[in-house]
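Right, one structure below, let's go through it.
Proteins come first, then strands; the chains are lettered A, B, ... in the order of their sequence lines, and each starts at number 1. Computed from a prediction, not measured in an experiment: that's the story for all the values here.
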2 protein chains.
Amino acid sequence: MNNRKIDKLDLEILNILQADGKVSNAEIARKVGKAPSAVLERVRKLKKSGIIEGYECIVSHKSLGRGLTAFTSIRVEEGVGATEVGQKLAEFPEVLEVHYTAGRDSYLVKVRVEDTEALQATLAKFGTIGPVRDTNSTIVLTTVKESRVIPLPLEND
Amino acid sequence: MNNRKIDKLDLEILNILQADGKVSNAEIARKVGKAPSAVLERVRKLKKSGIIEGYECIVSHKSLGRGLTAFTSIRVEEGVGATEVGQKLAEFPEVLEVHYTAGRDSYLVKVRVEDTEALQATLAKFGTIGPVRDTNSTIVLTTVKESRVIPLPLEND
DNA sequence: CTTGAAACAAAGCCCTC
DNA sequence: GAGGGCTTTGTTTCAAG
């Protein structure tokens with residue numbers, strides 16, 4: 001979590017990488033008009049400082065029997081133990097996201113499973129976690145957009 | 001969207017790629033005990049058939065002034081035009097996900113912005129979309145897990 | 001940040017099974 | 001059809017300026 005100074009060239013590189021995580025350093029170098037070794041050094045520093053968190057291969061969940069996405073709001077017993085609940089929720093492989101949210105003490109999790117039957121099984125597992133009071137699921141019918149690309153300001157900070 | 005037959009070797013390759021989107025074909029080949037050219041051919045077919053959707057570079061939003069994540073439920077006028085609303089929502093760069101959900105006619109969107117002020121501005125923009133009735137936002141305090149890695153069954157289909 | 005050199009990987013071809 | 005081995009091209013990586 002090092003807070004390095006990010007300049008315009010870093011932002012350019014990050015934008016190119018966000019558009020396609022598989023571009024080679026050589027091609028980034030061509031696009032920004034610098035030598036490949038210079039770009040390599042930048043990318044390495046961005047990775048080391050935690051600004052680049054990693055690279056993910058996006059696999060089609062529909063093609064692989066995980067066609068059902070649901071968002072489940074989970075109310076937990078107020079007070080202590082809330083953090084551990086989040087950790088336990090994160091351990092389920094079918095739970096892709098775990099967010100602790102404001103408002104009433106609750107988590108919002110994104111679940112990706114095969115069908116409604118599997119969702120029911122997952123919700124039942126949630127119920128076995130101690131401080132979990134109740135759950136409220138919203139089934140996704142169509143996903144129009146799903147990305148992690150964040151807009152980067154192209155001026156300096 | 002070709003429905004090819006996925007065998008165990010494909011699943012192994014996908015698991016390795018999901019764990020690290022930047023591994024080289026050569027290293028995958030070493031791990032699965034096959035020649036690099038064979039793995040390359042598999043990966044290409046997986047990409048072509050849509051099972052591999054792409055590769056994303058994950059950039060730390062906190063490091064780059066997008067520290068606020070919110071989930072906003074958007075009720076829309078029932079009936080026609082619902083799809084266009086989803087498309088319009090997806091055009092906002094700060095809107096990372098757009099899901100059309102069951103229940104009442106509504107979208108669930110994930111928004112990533114700088115602060116609450118920016119969230120307010122985004123919500124105001126949502127309001128200018130014709131069929132949008134009202135919005136309901138949940139602020140994320142802590143994100144415990146955020147991934148797109150789906151668990152792959154290691155037996156054949 | 002650039003250059004140049006060496007190690008490595010990608011991608012195409014041809015061969016075998 | 002699918003994988004193994006080879007070759008060429010391009011990329012990564014390091015050292016030195």
Side-chain angles (χ1 to χ4, degrees), chain A residues 2-60 63-65 148-149 152-157, chain B residues 1-60 63-64 148-149 152-157:
Chain A
N2 194 0
N3 251 0
R4 284 177 55 258
K5 195 163 68 86
I6 309 293
D7 64 5
K8 193 169 181 175
L9 180 56
D10 288 322
L11 291 176
E12 279 184 60
I13 293 171
L14 288 172
N15 269 328
I16 293 167
L17 277 170
Q18 281 199 126
D20 177 12
K22 261 256 158 141
V23 285
S24 63
N25 284 323
E27 197 175 340
I28 299 172
R30 265 176 250 129
K31 287 186 180 175
V32 301
K34 292 272 146 54
S37 55
V39 173
L40 176 68
E41 197 58 28
R42 293 269 185 156
V43 172
R44 251 204 285 243
K45 282 180 183 169
L46 289 168
K47 182 84 186 290
K48 197 175 180 185
S49 66
I51 291 166
I52 292 177
E53 295 183 347
Y55 300 87
E56 265 194 0
C57 175
I58 311 298
V59 172
S60 165
S63 302
L64 290 164
R148 289 190 65 175
V149 174
L152 297 180
L154 275 178
E155 78 273 11
N156 310 22
D157 56 312
Chain B
M1 298 288 177
N2 193 358
N3 253 358
R4 285 178 55 257
K5 195 163 69 84
I6 309 292
D7 63 6
K8 193 169 180 175
L9 180 56
D10 289 321
L11 292 176
E12 279 184 61
I13 293 171
L14 288 172
N15 269 328
I16 293 168
L17 277 170
Q18 282 197 125
D20 177 12
K22 261 257 157 142
V23 284
S24 63
N25 283 323
E27 197 175 341
I28 299 173
R30 267 176 247 127
K31 287 186 180 175
V32 301
K34 291 271 148 50
S37 55
V39 173
L40 179 66
E41 197 58 27
R42 292 273 185 154
V43 172
R44 251 203 287 245
K45 283 179 182 171
L46 289 168
K47 183 84 186 289
K48 197 176 179 184
S49 66
I51 291 166
I52 292 177
E53 296 183 348
Y55 300 86
E56 265 194 2
C57 175
I58 310 298
V59 172
S60 165
S63 303
L64 291 164
R148 290 189 64 174
V149 174
L152 297 180
L154 276 177
E155 79 273 9
N156 309 24
D157 55 313

Please identify each residue that fulfils side-chain contact (heavy atoms from CB on, under 4.5 Å) with A:Leu9, with sequence neighbours left out.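 Per chain and number, A:Leu9 pairs via side-chain contact (heavy atoms from CB on, under 4.5 Å) with A:Asp7, A:Ile13, A:Val32, A:Lys34, A:Arg42.
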
Who pairs with A:Val59 by side-chain contact (heavy atoms from CB on, under 4.5 Å), at least two apart in sequence or on another chain?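 For A:Val59, the residues satisfying side-chain contact (heavy atoms from CB on, under 4.5 Å) (neighbours in sequence not counted) are A:Cys57, A:Leu64, B:Leu14, B:Gln18, B:Ile51, B:Ile150.
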
Nearest-Å distance for atom pair [atom1]/[atom2], residues [X] and [N]:
X       : N      : atom1 : atom2 : value
B:Leu40 : D:dC6  : CG    : P     : 18 Å
B:Lys22 : C:dA10 : NZ    : C1'   : 14 Å
A:Glu41 : D:dC14 : CD    : P     : 9 Å
B:Ile6  : D:dA2  : CD1   : C1'   : 15 Å
B:Glu27 : C:dA9  : CD    : P     : 8 Å
B:Lys47 : C:dA11 : NZ    : P     : 11 Å
A:Asn25 : C:dT2  : CG    : P     : 14 Å

Within the pair [X] and [N], is there a side-chain N or O less than 4.0 Å away from OP1 or OP2?
X       : N      : answer
A:Arg30 : D:dT11 : yes
B:Arg42 : D:dG1  : no
B:Lys34 : D:dA2  : no
B:Arg44 : C:dA11 : no

How is B:Leu9 classified with respect to the nucleic acid when contacts are heavy atoms under 4.0 Å: base, sugar-phosphate, or nothing?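 Result for B:Leu9 = sugar-phosphate.
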
Give one of base, sugar-phosphate or nothing for A:Ala26, where a contact means two heavy atoms less than 4.0 Å apart.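 Touches sugar-phosphate only.
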
Taking all atoms of both residues into account, what is the closest heavy-atom pair of [X] and [Y], and its distance?
X       : Y       : answer
A:Gly54 : A:Lys47 : CA-CE, 4.3 Å
B:Ile6  : B:Asp10 : CG2-CB, 3.5 Å
A:Gly50 : B:Ser60 : O-CB, 3.3 Å

Using a 3.5 Å limit on both distances, find every run of at least three consecutive Watson-Crick or G-U pairs that involves DNA chain C.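 As far as DNA chain C goes, consecutive pairing (with distances under 3.5 Å) yields the stems C:1-5 with D:13-17, C:7-17 with D:1-11.
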
Just how far is it from atom CG of B:Asn25 to atom CD of B:Glu41, taken to the nearest 0.5 Å?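 Result: 10.5 Å between the selected atoms.
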
Could you check which of D:dG5, C:dC1, C:dA9 has an atom nearest any side-chain atom of B:Ser37?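 When the side chain of B:Ser37 is considered, D:dG5 is the closest of D:dG5, C:dC1, C:dA9.
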
Tell me, with the steps shown, if B:Ile28 and B:Leu40 meet side chain to side chain contact (heavy atoms under 4.5 Å, CB included). CA-CA 9 Å; B:Ile28 299 173; B:Leu40 179 66; over 6 Å; no

Any donor-acceptor pair under 3.5 Å between the side chain of A:Ser24 and the base of D:dG10?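 A donor-acceptor contact between them is absent.
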
